[in-house]
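As structure tokens, the structure follows; a few thoughts come after it.
Just so it is clear, the structure is predicted and the values come from calculations on it, not from any experiment.
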Amino acid sequence: KDVQKEREPHVYLSKEEVKEKIQSYNSSVTDKLKMTLNANGIYTGFIKVQLELCRPITVQSSQSQGRCAHSNNETAFYLPDGCVNTLHISSTNTVREVIEALLKKFFVADNPAKFALYKRCHKEDQVYTCKLSDREHPLYLRLVAGPKTEMLSFVLREHETGEVMWEAFSIPELQNFLRILDKEENEQLQILKKRYAAYRDKLEEALGGVWKPG
């Protein structure tokens with residue numbers, strides 16, 4: 001179970017410290033996703049982001065797959081749970097820019113403000129999560145933590161605001177959500193009807209055996 005954790009203070013590194021950490025990072029990489037330090041002090045590298053989205057996303061219909069509901073040129077559908085995507089970013093890219101790049105890669109038309117990036121850490125048999133601010137730099141966090149995802153991983157989720165802020169969604173999005181809900185409701189109703197029909201058949205069969213003459 002995730003445990004919310006206080007945000008850790010940002011520690012600024014000197015150019016020499018950054019160089020040393022990148023060398024140490026690259027020596028520990030096992031998937032060839034190394035970091036590169038440029039002459040201007042900016043470094044580039046890769047981060048992996050796991051998608052944990054509860055609500056459907058809206059994409060261009062030509063790019064959509066899976067269970068969906070259509071509206072004009074856009075489609076709302078659910079991404080597979082636990083889907084992981086790799087992004088190549090720089091040390092100057094902020095959380096907000098990473099979210100925008102990730103949504104663009106999936107052709108998502110939803111407002112990036114609906115989403116938040118979290119960091120997940122494993123410590124002392126506990127899983128800690130912390131929502132990152134828009135101005136934080138994910139690649140810096142990756143560098144400091146090292147390449148092991150057990151030490152640090154990134155997760156994209158919807159904003160946790162308690163009640164869903166439906167006014168943040170467009171009319172086509174809301175119409176798509178209703179179509180999806182109607183489809184799921186009908187599917188669940190059919191499942192329930194089949195289940196109770198099976199119960200009824202067994203009860204009638206049992207009653208017929210009890211009241212059978214002789």
E100 (side chain) donor-acceptor with P112 (main chain) under 3.5 angstrom:
no
N/O donor-acceptor pairs under 3.5 Å from side chains in residues 33-41, not counting sequence neighbours:
| from | atom 1 | to | atom 2 | distance (Å) |
| --- | --- | --- | --- | --- |
| N38 | ND2 | I42 | O | 3.1 |
| N40 | OD1 | I42 | N | 3.0 |

Side chains of T149 and F154, heavy atoms from C-beta outward: is any pair under 4.5 Å?
no
Return the OG to NZ distance between S153 and K119, rounded to the nearest 0.5 Å.
11.0 Å
What are the two closest heavy atoms between P147 and Y25, and how far apart are they?
N-CE1, 3.3 Å
Any side-chain heavy-atom pair from L87 and K105 closer than 4.5 angstrom?
yes
Between I89 and F46, is any pair of side-chain heavy atoms under 4.5 Å apart?
no
How long is the span from the CZ atom in F115 to the CG atom in L53, to the nearest 0.5 Å?
6.0 Å
Indicate if I47 and L13 have the same hydrophobic cluster label, given that clusters are the connected sets of ILVMFWY residues with side-chain heavy-atom separations under 4.5 angstrom.
yes
Side chains of Y43 and Y140: closer than 4.5 Å at any heavy-atom pair?
yes
Nearest heavy-atom neighbours spanning P138 and V98
CG-CG2, 3.8 Å
Please round to the nearest 0.5 Å and tell me the distance separating atom CG of L141 and atom SG of C121.
8.5 Å
Strictly below 4.0 Å, N to O, side chains only: are R120 and E52 in salt-bridge contact?
yes
So do the side chains of L132 and Y118 get within less than 4.5 Å of each other, counting heavy atoms only?
no
Do I191 and Y196 share a hydrophobic cluster, counting only Ile, Leu, Val, Met, Phe, Trp and Tyr and linking them when any side-chain heavy atoms are less than 4.5 Å apart?
no
Hey, does L117 have a side-chain heavy atom less than 4.5 Å from the side chain of L102?
no
As an exercise, state the distance from CD1 of I99 to CG of N93, rounded to the nearest 0.5 Å.
12.0 Å
Show the numbers, then the answer: is there a side chain to side chain contact (heavy atoms under 4.5 Å, CB included) between L156 and V49?
CA-CA 7 Å; L156 182 73; V49 182; 3.9 Å; yes
Would you say the side-chain atoms of R135 pair up with the backbone N or O of R96, donor to acceptor, closer than 3.5 Å?
no
L189 versus E185: any side-chain heavy-atom pair under 4.5 Å?
yes
Taking atom CZ of R157 and atom CD of Q50, what is their separation to the nearest 0.5 Å?
9.0 Å
Where the side chain of E97 meets the backbone of T94, is there a donor-acceptor pair that is under 3.5 Å apart?
yes
Kindly write out the residues that satisfy side chain to side chain donor-acceptor pair (under 3.5 Å) with T92, not counting sequence neighbours, or none if the list is empty.
S90
Nearest atoms (heavy-atom pairs only) where E158 meets C54
OE2-N, 2.9 Å
Would you say R142's side chain and G146's backbone share a donor-acceptor pair under 3.5 angstrom?
yes
Full working for side chain to side chain contact (heavy atoms under 4.5 Å, CB included) between N186 and Q190:
CA-CA 6 Å; N186 289 331; Q190 293 304 317; 5.5 Å; no
Side-chain heavy atoms of K148 within contact of V29, under 4.5 Å:
no
Measure from the side-chain N and O atoms of E136 to the backbone N and O of S133, and report whether any donor-acceptor pair falls under 3.5 Å.
yes
Side chain to side chain donor-acceptor pair (under 3.5 Å) partners of residues 13-23, not counting sequence neighbours, each pair once
S14-E17
